[in-house]
Structures are given as C-alpha cells and as structure tokens.
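A short write-up of the structure that comes next.
Every value quoted in this text rests on a predicted model; they were computed, and no experiment measured them. We use all heavy atoms of the structure for the numbers below, so side chains are in, but hydrogens, waters and symmetry mates are not. Numbered from 1 within each chain, the chains take letters A, B, ... in sequence-line order.
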Amino acid sequence: MRLSRGFLPTLKENPAEAQIASHRLMLRAGLIRQTAAGIYAWLPAGLRVLRNIAQIVREEQDAIGAQEVLMPTLQPAELWRRSGRYEAYGPEMLRLTDRHERDLLYGPTNEEMITDLFGQSVRSYRELPQVLYQIHWKFRDEVRPRFGVMRGREFLMKDAYSFDTDPEAAVATYRRMLLAYLRTFQRLGVAAIPMVADAGPIGGNHSHEFIILAPTGESGVFYDGGLEEQDWLSSEIDLADREALAGFFTRVTSLYAATDEKHDEAAWAEVPADRRREGRGIEVGHIFYFGTKYTESMGISVSGADGAPFHPEMGSYGIGVSRLAGAIIEASHDEAGIIWPDAVAPYKAAILNLKPGDAGCDALCERLYGASPDALLLDDRSERAGVKFNDADLMGHPWQVIVGPRGAAAGRVELKRRATGERVELSPEEALERIGLPAVGGPGGHAA
RNA sequence: CGGGGCGUGGCGCAGCCUGGUAGCGCGCGUGUUUUGGGUACACGAGGCCGCCGGUUCGAGUCCGGCCGCCCCGACCA
C-alpha cells in the first residue's frame, strides 16, 4: 500500500480516552476507531492484524482436525431456554425483540447453538469425535468496558466445541487442543503460559487459561521459566496416540504456573529459584472440558455401540482474537510505538522514501515496492524524514527500508529492525531477502 | 452497579467561578522555505460550545433534566 493513498490515519497526540499503551497506540497508529463504549471499527491496518491473527488460529485448529463453521450472531431465546441459561445469564446478555415480538439475543457464546446443530445431524457414536469452531463476533454487555479492544463489548473470538463418546476420548481431545493453543501462541510471537483454571463441574485439571505476559496485565502470575523454553512447533506429537498426548500433557502441567488467585506458595517453593517467573498477564484463551452439561440439559444424545443412547462429552475452547491484537501490543511496544511480531504485522516492512521527487529515490523505492505491493507499505508522502521515521516506529512495522538520496545514488538502502533498532546498509536485493520477500523482478538490476 | 471526572473546529486543551462579538497549540488547504528524527514563515478554511428546557435584554458561562464518554472499585473471552 502506498501511504499517500492508504486510509491509515495516524495521530500525533494521545486521545484523552485512552489510558493504557495498547489502546493509545491502536488509536494513534490508525488501527481502530471507537464507535461506542466498548465497540470499535477496525481500519485497514487493524483489520490486517486481525486477519493475520485469525489465520494462524485457523491453521492450528485445522491441524488438529477441527472444522470451521460460521454461526449467526443473533440467536433465538428459545435455544437458551432449553439449557436454562436464558434466565441464568445476567444483564451481560444483550436481549432484543424482532418485529414479531420474538425474543432474540446477540450471542455472548455458542454452546447452545452448536449443541443443537450437532444434535440435529449426528445420530451415532461412529460419527464422533467432532470438533467444530468458528471465528466470529460476540457481544457481552460489560458494565464497564475499558482498555480499548481488550475489554470491549463486541469482540472477535475463536470458539471451538468438541463432542466425544466418553471422558477418555474427551480428555484426549482437550489435550490436542492444548497443544494447538501452545503452537498458535508461539506462532503469534508471544509468550502465552497455560495456567490451571477453575475445574468446573467435572473436576480434575482440565481447564486452562492462557495468559500473555505484560506488565499491565489484569492478574498476577507465577510460573516456571521452563514453560518459556519449549518449542511446540517442532515437537512431533502423534495426535492419534493417547499415550503420547498424556506424556505431552504431563510435560506441560508438571511445570508450575498459576494466577495469583490460585497461587500455591508451597508448590512455588519447589520451583528452582532461577526458574521462578513472576509478573502480570492478560488472559487471551481459555479451554475447558465440561462433560455432558449441555447435551444433557438440551436432550441431545446419539446411539452407542450397544445401541443405547448416550449424551456426548463436550468441551469448549476460546481464543480472544480481537483482544489478542491489544494484548500483543501490551507485550510488545516501546516509547515510540508498536513493535509487531513478524507474524501479525499489518505490513512486513515500510519503505521510507526520504526524498520524494528525487529521481534516484523514487526509482529505487518503486522497484522495492513493486516486489510485493501487498506486503509492503511505501511512505511516498511529501513529509519530512522525521515524520516518516516517527510514523514507521509508531505503526511498528518489523522492518524499515530507508531510502535516501545518498544511498540511492550508490544503490544502497538502510534496513532497520524495529525490535532491536539495529541498522545495516545493504543492497535492495539483500534487504528484501532479509525481510523474507521475493527478490525484485524485472529489468534494471541495481539502481542507477 | 457504587464512587469520581469530563463533553467547546479533526486531535489536545483554555474560556465557565464573576453572563456581553468563541480562543490557543497541533492537524488540514494554498504558496514559499526546508530535506536523515514530528522544519520555518505567510495567507486561509473549518465550531447548533453534547441535547432539551428554564432564568435573563442577552447563556459556552447560571439553574433543572437527559444523553454520551472516561477513570477507580466489584465483574469478565
């Protein structure tokens, strides 16, 4: 995208309503704009971030055999009356009425709907297991929305639901999902630590929260540094092998991790001192296994091997996609602005043309930009260099390709890594290669 | 939902106490200048002062009501 043509409204001053870093930076970098309390519009760059996050989440869900669906945002109250939650859910649920006086609600979650959909179609244990997910907007009418997109009322969430024949199979599904989450967060470039959460109606330790470490986090966290060192992307775990899954689960859960509410001083004392990590964190995911709660209350059953009907075992698994956009910034920014992890950045790099109008600069910038116009942001505005540097730092592109008259004349550009501030001078081809983009095509070779 | 605060050009704010022609900085437009870290000058555009009602000769300013937004707490993907 050419910045001169893009809808990327950056703000020089801090909006009065934004208190925390991510909220401030998202507004200033032109990612979002507020429409009402806790409700935001996503501008082009923000939407790209959201999509990048969602795509990684999607790929990792698919990798464990989950299938994507898309359910409505509006649900009939009837569905929730069946599970008993229409009355149980508080004012956080946005209730509305259509022209025929039928009660509807804007979904705060989808257990009822998915369970109903499942029940309509699945008849036999032979069709199990099933894991279905969607990435969709939800609404919870929070009393007090805050922290921008991290605590909004409307939010984008990946929610998955699993159906299994028995508790053992359900636990295996749970463990696969845990692995998928670890891989997802690792790919997103953030440290998200799984912490034991409230066990729920089934008991046991099959409920985990995933917490991103950030100084402004809402809860205090304590964990074993060993959890940071794991490489889940390259560890081969046979998803069909329950023994292997159990081993993996033990590997994760044997390392201490807890939020302040569940912190256990005795267990903490057993963690080697040099591996004790203490800080604050933001919850970005939650997985839990809850058995037959909904299949039972909603009267959903399938035939077992013996011909007798039974209620499938369920779990549900959420990731706050829009919250992650904010949480990642909380975990990765500095005084100048956002520092995007490569995987979620709206643009891989910004090309800063320090002197538009200079034939050498223009030609070199166009050549670089032409290599991947979609992945790159070309700052071709007739602004002063300082403005471009500041905006690039603010928007947090992982790389900046700085093209000035002197360098252009020599066929050299300066490549700056946002995260480290490191700068190197090299050829345009080398710069693109470092960024991980295909080389410049077409005639010309080196710049004149 | 308890407590506190704020609504004035796009953004950040002053003006309100003590009523009398709506201001400042940034941004925006035009021109000149400048050209490696938010440059300088000149000219210019842009405002139902959140909304409704009241007091008054006169309301951004005083009074009442309403709406919206933010912060602290309780609650939460």
Side-chain angles (χ1 to χ4, degrees), chain A residues 9-20 23-24 27-28 30 33-40 53 57 89-93 107-111 134-160 181 192 197-198 207-212 218-219 259 261 281-288 316-327 335-337 352-358 361 379 381-394 400-408 412-414 416 421 423 425:
Chain A
T10 58
L11 263 29
K12 190 185 271 188
E13 292 182 82
N14 284 321
E17 75 266 21
Q19 297 300 311
I20 63 162
H23 190 192
R24 221 161 44 221
L27 289 165
R28 285 194 52 206
R33 285 295 182 263
Q34 181 168 356
T35 294
I39 300 177
Y40 293 85
I53 295 170
V57 169
Y89 222 97
E92 280 197 351
M93 177 150 72
T109 178
N110 281 60
E111 278 84 5
Q134 67 169 349
I135 298 174
H136 209 13
W137 294 93
K138 304 221 168 343
F139 194 92
R140 290 184 194 169
D141 199 359
E142 298 276 346
V143 205
R144 192 190 153 209
R146 67 186 117 168
F147 306 146
V149 114
M150 291 212 294
R151 187 69 185 284
R153 292 192 293 172
E154 188 180 45
F155 54 96
L156 187 63
M157 182 183 184
K158 185 283 298 182
D159 46 321
Y181 272 48
D198 275 325
S207 176
H208 285 86
E209 294 178 345
F210 287 78
I211 305 220
I212 282 193
E218 293 186 78
S219 41
T259 57
E261 299 139 13
I282 302 158
E283 186 185 347
V284 290
H286 198 165
I287 59 178
F288 49 100
S316 71
Y317 318 86
I319 290 181
V321 174
S322 50
R323 169 179 283 192
L324 260 167
E335 278 305 302
L352 308 190
N353 186 346
L354 295 193
K355 189 164 184 175
D358 176 276
C361 285
D379 194 342
R381 298 174 298 176
S382 55
E383 288 286 351
R384 213 187 142 90
V387 175
K388 300 188 179 188
F389 288 130
N390 283 320
D391 272 349
D393 285 347
L394 171 64
Q400 292 170 25
V401 185
I402 300 158
V403 180
R406 286 196 304 274
R412 309 289 284 175
V413 299
E414 193 172 299
K416 174 183 167 184
R423 298 154 173 275
E425 197 175 284

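- For the pair A/Lys355 and B/rU35, the criterion of a side-chain N or O lying under 4.0 Å from OP1 or OP2 is not met.
- In this structure, the CZ atom of A/Arg144 is 11 Å from the C1' atom of B/rG3, given to the nearest Å.
- Within the nucleic acid shown, A/Asp358 has no heavy atom closer than 4.0 Å to any nucleic acid atom.
- B/rG68: Watson-Crick or G-U partner is B/rC6, with both key distances under 3.5 Å.
- For A/Arg153 and B/rC76, a side-chain-to-base donor-acceptor distance below 3.5 Å is absent, hydrogens and geometry of angles not being considered.
- Here A/Ala36 lies in heavy-atom contact (under 4.0 Å) with sugar-phosphate atoms only.
- Spacing between B/rA22 and B/rG3 at atom C1', rounded to whole Å, works out to 35 Å.
- Comparing the C1' positions of B/rG23 and B/rA14 gives a spacing of 7 Å, expressed to the nearest Å.
- Within 4.0 Å (heavy atoms only), A/Lys158 reaches no atom of the nucleic acid at all.
- For the C1' atoms, the distance linking B/rG53 with B/rC11 amounts to 32 Å, nearest Å.
- Ring pair A/His23/A/Tyr40 is perpendicular by interplanar angle, where above 60° counts as perpendicular and below 30° as parallel.
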Exercise for the section: Report the C-alpha distance between A/Arg423 and A/Glu414 in whole Å, list the side-chain angles of each, state the deciding distance to 0.1 Å, and finish with yes or no for salt bridge (charged side-chain N to carboxylate O under 4.0 Å, His left out). Expected result: CA-CA 7 Å; A/Arg423 298 154 173 275; A/Glu414 193 172 299; 2.3 Å; yes

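- Remark: ring of A/Phe389 not stacked against base of B/rG36; the cut-offs of centroid gap under 5.5 Å and plane tilt under 30° are not jointly satisfied.
- Taking only side-chain atoms of A/His286, from C-beta outward, the nucleotide of B/rG27, B/rA77, B/rG36 with the closest atom is B/rA77.
- Within 4.0 Å of A/Gln34, counting heavy atoms only, lie sugar-phosphate atoms of the nucleic acid but no base atom.
- Judged by closest nucleotide on RNA chain B, A/Val143 is the one of A/Gly285 and A/Val143 placed further toward the 5' end.
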Between the protein and nucleotides 9-16 of chain B, are there any N/O to N/O pairs under 3.5 Å, and if so, what are the atom names and distances?
from	atom 1	to	atom 2	distance (Å)
B/rC11	O2	A/Glu13	OE2	3.4
B/rG12	OP1	A/Ala16	N	2.9

